[in-house]
Structures are given as structure tokens and as C-alpha cells.
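Proteins get letters first, then strands, A, B, ... in listed order; numbering begins at 1 in each.
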Amino acid sequence: MATYNPREIEKKWRKYWVDNKVYKVTNDSDQPKFYVLDMFPYPSGAGLHVGHPLGYIASDIFARYKRMKGFNVLHPMGYDAFGLPSEQYAIQTGIHPTEATRQNIARYRQQLDNIGLSFDWDREVQTCDPNYYKWTQWIFIQIFQHYYCKDSKKAQPIADLVATFEKEGNVNVNAATSQEAKFSADQWKAMTPKQKDEMLMNYRLGYQKVGFVNWCEALGTVLANDEVKDGVSERGGHPVEKKPMMQWSLRITAYAERLLGDLDDLEWSDSLKAMQKNWIGRSEGAQAFFNVQDTDEQIEIFTTRPDTIYGATFMVLAPEHPLVDKLTTEENKTKVVEYKKYVNSRSERERMADVKEVTGAFTGAYAFNPITGKELPIWISEYVLLDYGTGAIMAVPSDDERDKSFAEKFDLPIIDVVDKSKYPNATLHDKVGVMINSGFLDGMEVPEAIKAANQKIEDMGIGKRRINYKLRDANFSRQRYWGEPYPILFDKDGVAHAVPENELPVQLPILDDFKPTADGQSPLAKAEDWVNEKEGFRRETDTMPGYAGSSWYFLRYMDANNNNEFASKEAMNYWKEVDLYVGGTEHAVGHLMYSRFWHKFLYDKGMVPTTEPFKKLINQGMIQGVIEYIYLKKDKENGKSQFYCADMVKEMGAGNFAKIPVHVDFVQEYGSPKSFLNRESIQKFVAWRPDYADAEFICGNCTYNPSNPPNDGKDCNLVTKSEVGKMSKRYFNVVNPDDVIERYGSDCFRMYEMFLGPIEQGKPWDTKGIDGVSKFLRKFWSLYHDDNNVFTISNEAATKDEMKILHTAIKKVNDDIERFSFNTCVAAFMVATNELKKIKCNKRAILEPLAQLIAPFGPHIAEDLWAKFGNHDNGISVHKVAFPQADESYLKEDSITYPICVNGKKRAEMAFASDASKEDMEAGAKALEAIQQHIEGKTIRKVIVVPQRMINIVAG
RNA sequence: GCCGGUGUGGCGGAAUUGGUAGACGCGCUGGAUUCAAAAUCCAGUUCUCGCAAGAGAGUGAGGGUUCGAUUCCCUCCGCCGGUACCA
């Protein structure tokens, strides 16, 4: 048998590719372009596990395929090296982030190289490299120096806005802003520099404001909304509280409408589009002002149901609403203060946990319903959120679940305003029904009433139609060391100025003590020499968050070594946008939203040629691992820990046990329902976890004590519990691709990962199945080699059958790569190999194109065989030649075997010439004995003949 | 709750526009080779009845459209992901 030795050939060809710069790509090509991008990794200390390369392999196959199809393919890679994970790792290991990042990148590079990916490494980017973050800072300055004009629907220079203010104030300005009040040119001119600066901050797309931020004490930083999950930090699971702080923000809300609208044209999955839509959270409604009794104050509310205004019986403000203190009457003060204190004491997590419980306090004040004039008591409650809408609502208990339970709890009136009797299945939430008890709206259907109510509100001048978004401006400040420094200087008055372009990059100072500080100050504040600039200027000490560098890196690859611009116009006009982007769903609303926002901003400035950065996007599924647990009894027995068989636990009550994850390497038959620890593996377990050296292991009828093992030669099996879950260090179930590659070779690893199933689907890793692919590769190799492993090929002409096998595979693989169905491509290779092996085909006319066909999947074996055919004499790599094209003429059959059905059920088969007439086929089918049996005595009502497919006789 | 996805043998999965359900692989069973094992090769493997030929059932459940449904429509259930006092 020929021996396939992947270790040898893979090393050889990887060197060849590097030496010959096979994957180098230029920007001046006559070929059409194609840009295939992977989401670049965080170089964390853990390294890659078998789940990470799934997307890289898929995109690599596609990139190689496109390259062979005659495209100039940009397929780059880099590292998202700034940010919390890198810094956390540095703190844990005590190694400086610069050094830790360097080491981690080296390790990642080694692992990536091992997989045989076709990246052009000359274009590598690292977000922590000053030559890179110079441009991150530069783009931030552009964002800082622009505002969003709602008339032209794009970003405009802040200098233009200043000119307008000088001329006429803000009376005619229609901008994305938090500035509601109008001012004149004179008022503007009367402002101090600091006041002007603060006013402009209300308009800038990158601006500073005091806001309630997600403060994480343990991490010593502020987190963005999408870095907080269930009230705790996404990384580390530390508690997060709301805290007012001066922070940089990006006005992403200005782009909400475009971010939403442009989704339609993208080739992204429905679920991903839905996630972005939900995150943007557009809702149409009305803003209205309610006067407050005995004051000049007004309460601004937002509602999507202005039609139900006659049913409004009270108002609710968020406890943190600025009007609360002003409105609260003397006699209600104590209760309100108490309630606010209670709300404040509750963590985000507690608030979410008991959503059902209704709480609140009465302020003692009353507002007037602007339409009915009725008095409405003003309450405060935590179910109204300061962040959303206006932080205040008109409560309509008849048509809102929460208002209803609030009214019931505090005994407030409920007026029915919508008659839903015509819609028995409708819930309170559905906008259907007929208006009642609602004055001029009576008798209208809800959608009509909404329009009428909106019109009335506008006519009366008490409010306006408004579109509200759930999307918040993005917090862009971190009080951390390992990030891009801000290119911002504050003058003596505290006015923010952009650092002049020729002074970029603002380099991150080298600090020995880079740990976060307890008082919330950035560690950079400690670098006094760095902070204090000439002429009394002081540097901003916050750094940018992790997503800053990743919001534009795909542009840098187009022209990665440009020192004059972030990328040249020519480069961007050539590469345009990313044609295929592959990565995980975890970036659905973070990275993908911010990148789209930055890109749209750059588009507004004419700096990029397209409105969207990523045309087609594929989310690879997560590869899961098997988690093996053993059950530890919570109560010790005679001071000893006891582990029990998983099958004994049910009877004894699972609540009495803690599940302890075991290293999967110790477990026998791991992943199966029978998985267990034998005596030997129990010994390994206690050697690994010495704290359990004294424990007893109770397996069925025997008790095993590893510290005092009986010498009876028997064994006992402690049954473990297998679950499918995350592959992670903490479950001791990580499979390292390096180990798999060491054993099977990287071509095998690549093809096995693809063979597991559809790329977008999550699936558990099972190393056992890899033998099938390994076997296939050996068989494939043996097509080209004789029993002594000598490359042996015949130059004889191929037969029709052989050509059919080849071209069937070519067609299948071409079609399936185009639809990203890589698992079925691997199956097609197996089919072709099995068939060729059976007929002992070793003809060049078949095997040479077959080697080309497999090249995107198994690049090393393909290159090796390609070289053996003598093709390297011309210096041409298999990865640079044209991909085989299917010749349909070989696929045509002379005769086709048709299934013949009676009433849709297959009863016989019969072969007909491929050009046989329908009449002949019908007659032939009817004449068959097996068919006769089934139609005997019945009337034939219809015969359906579908050419190339089947024949169906309808009888009855 | 809402939004999106998904459900096929013992397992991973295939069936691209409605046309032979279960490709390919794992696992399992039997056989060949071997002193033995590994490796390799051959045969079988959806379920039920049957020695077999064959018959019946079958793609989460129920219903519908159709000559014909894993595929389209309706109702329901399970699982995965997202999201939530969103006014």
C-alpha cells in the first residue's frame, strides 16, 4: 500500500509557498477583484482551539477557489490586539501587554500557518501598532470634527456649523443633536470659549458628555451596552453599576435610519439582519407635552399609541428623571426619596430578576391630559427607564400590560378605550380594535385613530410625530491602559482640541504600572510627562475601546503599508468593499454595527467608495465540545468527599450533588452515554486534583478509595455525565488544532472540519470521525502511487466512464463551493475516489484535473501531486492555475433509469433511452409486469412523465 | 413574551426549482488477510413482518394543497440563538 505522509509534504509545500510568495496579491491587476475577509482574532493567551479555524478554513477554500477562477483575491489576516482581553491576560501573567501581545501573536501565527491558510502576510495589521493606530486616531479626529446634518443626510464639518452659529445661531440648524433649545448669533457670540465648546459637543459626532455609564468596579472601567450581559460584564462576569462620568461618545444614533434601511441590500442571514434591526429598535409614535399643575414645567412623553390618550389616567416618570425632585410635594418627599434610594440600591441584575413585581411612589403632583384636560397623578416607578424615549410615559392601563398591573396595585382608574370584541385572539399589545370612550376618535379602527390622534396633537401644537430608536450613542471611553490614546488636548479653559495631524500618532506611553486605578482615573494619568503638554495643554487620558481599531481594519488591508493615508484612493477604488466576510455571530451588534457606522461616515466624506463595508456575510457555527462531569455529594460523609456514579444520582436527588467537570482525557468512551472513569482514570483524576486525594468513589456496589487502593485486580466504573457545550479551558475539553494536525496532517484537519456539516451550523467536535477523512486521503493518494509508493501514472486516453466520474465531481464541487456547501464537496471527492479506485484508474487525463479540483480543500496534497506531474518545471503552483470546468457532454446519459410509480408509490424501475418519447416511456412502463399487478382492474386516470425524473401512473 | 433559525437512521449529515428519502462518513454486524494485532479489503446496516421474493410504515405532531410533499400552506410541540418592564 502506498503511504501518504502528510507531515513531510505539508512542511515542504508551506515553505515553497512562502519562498515563492504564491499568495502575494497586488493592487494593479487586470483581473477582476475579490475580497475575502475573516474576522481577525484577539490574540488571547489561550491560543486557538478547533472551533476557531472553521471559518478560516471555509474562507480560505473560497479564496483559493476564486483565485483559481481568475480573480485577483485579497485574503489578508491580522490581529485585534488592543482591548480588555489582552490587558486582562497581561495582568494575570504579570507580563507587560506589549510583550504579552507579541508572544500571543507569535503563537497565533504559528497555529494559523499550521493550517495552510493562503493569507498575504505582507498586508498584516495589528491594531496596537502605532503605524496602524495613527489612522484610528486620525479617523476619530474626523468624526470629532463633524456633525450630522439631517437636511443633507450626511456628516458635515463642524467648522461650517460654527460659521452658521456666527451668522444666525442655531435657529435653522437641522442636526442630530441633544440640543433642543434655540439660540441666536448674538447669544452664540456672547458665550465663553468653554461654553462654545460645550455647545459644540452637543453636535459633534464624537463628543464628550456626562452620562450614566456602565461602571465595572472589578475591571476598573466603563463598558459599552453590548459588553454588559444580564447586568454583569461580558468578560469575567463582574457586577456593573450605573455611574455618572464624563465620557467620550460616538453619535451612532445619527445614522440609525441609514443603518436600518441599508440592511435590506446586504447578503446577510435573516437572523443577523433581525438582530441589527432589533438593536436599532425603530418605533414610530408621537412625542407630546403634558402641562403640570401649578408650575411652568412640562412633561415630555413618547408613545406609540397616541390613539389611547383618552385612556391615560396617570403618568409615570423614571425615578432618575430630572423633574422628579422639582415636582414632588412636601408631604410625599419622604416616600419618593425612600423609593429612589430603594431603586438605586438594586443592582441591574435584581431589577431584571423580578420584573413581575410592581413598585412605585406618588409624587403628589398632577399633570393635565392635553386633550381631555383631566388631572393625572404623577408617579415614579422603575419600570419606566430614563434611557428609553423621554424617560416619562402617559399610562394607559386599559391597553398596556405594565400600566395595568401598576394601576391595579395602586388602585388607579382604568378606562377602556379600545373595543377588541371583533378580534377575539388579539392581545393587549396588538394594534387592533375600535375606539370607544375617546371623543373624536370614537368608532375609528386603531390604525386610523393613530393617524387622527397624531394629526390632532400636531394641530394643537402639543407635540409631534416622532421616530424613536432603542439604539444609544456608543460609549467610546475606557479608563484602561491597553488601547488607543485619544488624539485630544485640553487647553487651560478645558476646551478640547484635536492633536495636529503631523503630530500623529499619539503614542501610548510605556508604563510599568498599567493596572486600572480604584478611583476610575485612567492609568495614563500617571504618566505626568506625557499628560502635560506645552503651553498648559493637557492630554486626554482615557483610551479608546476595543472596537475602535476593528471598525475600519478591513480598509487598511487594501493598502496596509501606506504612511500617508489610511489607504489610498486608488486602492480603495479597486478593492471597493469586502465581497465575503466570515466570522462569528458574537459580533452581530457590536463590531458589525460600529464598522457600518464608521464606513458610512467615511462614505459621507468621500473617503470610501461604497455605502456598506461587507456585501456578503457568513456566520460560521460554533464547534462545541463534550463536557464530562462527575457528581460530588455536597455533604461530606465522615469528613470525606464522595463521588457517585451518574446513574445513582437520579435516585438520590440531583440537588444533593455538585457537578465537577473532569478533564476529558481521563474519561473512558468520552462523549458516549456509557462514559466512565475506571480505577486508572480515577488515579489520574486525583493526581490532577490532589484536593480530592482522600475522596471516595462510589460506583454501583463498590467503593473505591484512591489513597488506599485495594489490590484485588478488579475494576470499577464511575459513570460520568456527558453534555455538549462550549469548548473552553474551564471545562477541560479544549481540542488543540496543533495536536490534530500533528497526527493527521492539516489537509485532513481542514477537510474534516468542512465535512462535519454545513458551515453556518453549530456542531459538536468528535475526533473519532476524522478517521474517515484520513482514510479517504490515503485512498486518494494511492490513486497516484503504486504499492511501493512510487508515483505511477498512465498517459492512456480516458474512457467515457472515467470522464463521467471526473466531470460529475467537477460540476458538483463547482456548484457546491458557490453555495458554500463545503461538506458535500468533501463527500463528492470521496465518491469520485471510491469509483476511480474501483476501476483502478491511474490516468493522467483524470487524476491531474482531480488534483486541481481538490487544491482549495487540501492545498498541500494537491501541490505535491501537481509537482509530481512535472508542472513545477514551469514554475506554476497548482493554486495559480485555472480551476477545472465541467464539460456537460460527459454528464449526459445514454439511458436513464426511471422510477415507475403507481399513485405516487415506487413499484418498479425501467431504463429508457435519454431521448425516448413520453409515449414510448408510458407504454413501456404500463407493460411492466410489476406495474400490471398494481393497476390490474383499475382505471388509469392519468400518466405523468417527467423527463429525466420519474413516471407516475394514477389509477383508481 | 417578542424576533430569527431549526427538527431526517444508533451518530454527524445528504436530498440545490415539489419528482427514487437516508448520498458521504462514523459506529455497529459478518467475512477475507494475519500466529496475533494494527492496517487494508469485501458484504450488510431506517423500522416492522417475512427464509426469501415481497408487503407495510417512515423526515417533531396533527391537518391541508398536489398525480406526487423532508421541500409549499395552517395549527401545535421541542431545541438553538438574539432580545426585553422599549412606552
**Study point:** Any-strand Watson-Crick or G-U partner of B:rG12, both distances under 3.5 Å
**Key:** B:rC24

Review point. If we ignore angles and hydrogens, is there a donor and acceptor under 3.5 Å between the side chains of A:Thr253 and A:Asp473?
Key: yes

Study note, to complete from the structure: note: A:Asp787, atom CG; B:rC41, atom P; distance rounded to Å ~ 12 Å

Check your understanding: For the pair made of NZ in A:Lys763 and P in B:rG81, what is the distance, rounded to whole Å?
Key -> 15 Å

Exercise for review: Please confirm whether any donor atom in the side chain of A:Lys470 sits under 3.5 Å from an acceptor in the base of B:rU83, or the reverse.
Suggested key: no

Review point. Base, sugar-phosphate alone, or nothing: which one does A:Pro764 contact when heavy atoms must sit under 4.0 Å apart?
Key: nothing

Check your understanding: When the ring planes of A:Trp765 and A:Phe749 are compared, do they come out parallel, tilted or perpendicular, using 30° and 60° as the limits?
Key -> tilted

Study note, to complete from the structure: Which of B:rU83, B:rG25, B:rU20 is nearest the side chain of A:Pro899? It is B:rU20

**Study point:** Identity of whatever pairs with B:rA32 - Watson-Crick or G-U, under 3.5 angstrom
**Key:** B:rU40

**Study point:** Separation of B:rC3 P from A:Leu272 CG (nearest whole Å)
**Key:** 18 Å

Check your understanding: To the side chain of A:Lys779, which of B:rC41, B:rC67, B:rA87 is closest?
Key -> B:rC41

Review point. Taking atom P of B:rU17 as reference, at what distance in whole Å does atom CG of A:Asp815 sit?
Key: 12 Å

Review point. Is there a donor in the side chain of A:Glu300 and an acceptor in the side chain of A:Gln287, or the other way round, less than 3.5 Å apart?
Key: yes

Revision key, fill the gap. 5'-most contact on RNA chain B (nearest-nucleotide basis), A:Ser271 vs A:Arg402, goes to A:Ser271

Practice item. Could you label the plane-to-plane angle of the A:Phe822 and A:Phe820 rings as parallel, tilted or perpendicular, counting under 30° as parallel and over 60° as perpendicular? Key: perpendicular

Review point. Under a 4.0 Å heavy-atom cut-off, which of residues 309-317 of chain A touch RNA chain B?
Key: none

Check your understanding: Once you round it to whole Å, what is the distance between C1' of B:rC3 and CE of A:Met275?
Key -> 10 Å

Point to revise | Distance test, side-chain N/O of A:Arg819 to OP1/OP2 of B:rA15, below 4.0 Å | key: yes

Review point. Just checking A:Lys812: base, sugar-phosphate only, or nothing, at a heavy-atom cut-off of under 4.0 Å?
Key: base

Review point. Excluding sequence neighbours, so at least two apart, what forms side chain to side chain contact (heavy atoms under 4.5 Å, CB included) with A:Ser398?
Key: A:Val396, A:Ile414, A:Asp416, A:Val417

Exercise for review: Give A:Leu756 one of three labels, base, sugar-phosphate or nothing, depending on what nucleic acid heavy atoms sit under 4.0 Å from its own.
Suggested key: sugar-phosphate

Exercise for review: Any strand is fair game: report the nucleotide pairing with B:rU83 by Watson-Crick or G-U wobble, both distances under 3.5 Å, or none.
Suggested key: B:rG1

Practice item. For A:Lys277, answer base if it contacts any base atom (sugar-phosphate contacts may also be present), sugar-phosphate if it contacts only those atoms, and nothing otherwise; contact means non-hydrogen atoms under 4.0 Å. Key: nothing

Revision key, fill the gap. Result for 5'-nearest mapping on RNA chain B, choosing between A:Lys838 and A:Gln761, is A:Gln761

Check your understanding: If only side-chain N and O atoms of A:Arg907 are considered, is one of them under 4.0 Å from the OP1 or OP2 phosphate oxygen of B:rG56?
Key -> yes

**Study point:** Atom-to-atom span, CE of A:Met921 to P of B:rC67 - whole angstrom
**Key:** 21 Å

Exercise for review: May I have the distance from A:Asp816 (atom CG) to B:rA15 (atom P), rounded to whole angstrom?
Suggested key: 7 Å

**Study point:** Pair assignment for B:rG62, Watson-Crick or G-U wobble, requiring both distances under 3.5 Å
**Key:** B:rC74

Review point. When all nucleic acid strands are considered with a 4.0 Å heavy-atom cut-off, which category describes A:Ala827: base, sugar-phosphate, or nothing?
Key: base

Review point. Which nucleotide, B:rG4, B:rC67, B:rC24, lies nearest any side-chain atom of A:Ile944?
Key: B:rC67

Review point. In whole Å, what separates the P atom of B:rU8 from that of B:rG78?
Key: 16 Å

Revision key, fill the gap. Checking B:rG19, B:rA87, B:rA15 against the side chain of A:Leu385 (C-beta onward), the nearest is B:rA87

Review point. Is it true that A:Lys768 and A:Asp771 make a salt bridge, defined as a side-chain N closer than 4.0 Å to a carboxylate O?
Key: no

**Study point:** Carboxylate-amine/guanidinium proximity below 4.0 Å for A:Asp815 and A:Lys811
**Key:** yes

Practice item. Scan every strand shown for a Watson-Crick or G-U wobble partner of B:rG56, both distances under 3.5 Å, and answer none if you come up empty. Key: B:rC47

Point to revise | Phosphate-side-chain proximity, A:Arg778 and B:rU40, N/O vs OP1/OP2 below 4.0 Å | key: yes

Exercise for review: Answer yes or no: does a side-chain N or O of A:Arg282 lie under 4.0 Å from OP1 or OP2 of B:rC86?
Suggested key: no

Review point. The side chain of A:Phe755 lies closest to which of these nucleotides: B:rG13, B:rC24, B:rA87?
Key: B:rC24

**Study point:** Rounded distance (Å) that lies between atom C1' of B:rC24 and atom CG of A:Asn823
**Key:** 9 Å

Exercise for review: Kindly point out which of B:rC85, B:rA87, B:rG68 is positioned nearest to the side chain of A:Thr304?
Suggested key: B:rA87

Check your understanding: Should A:Asn834 be listed as having a side-chain N or O under 4.0 Å from OP1 or OP2 of B:rG25?
Key -> yes

Exercise for review: Classify the angle between the aromatic ring planes of A:Trp379 and A:Phe410 as parallel (below 30°), tilted (30 to 60°) or perpendicular (above 60°).
Suggested key: tilted

Review point. Cation-pi between A:Arg596 and A:Trp268: NZ/CZ under 6.0 Å from ring centre and within 45° of the ring axis?
Key: yes

Point to revise | Nucleotide nearest A:Asp270 (side chain, heavy atoms from C-beta), chosen from B:rC3, B:rG4, B:rG13 | key: B:rG4

Review point. Base, sugar-phosphate, or nothing for A:Val831, non-hydrogen atoms under 4.0 angstrom?
Key: sugar-phosphate

Check your understanding: Between A:Phe780 and A:Phe776, what is the ring plane arrangement, given parallel below 30°, perpendicular above 60°, and tilted in between?
Key -> tilted

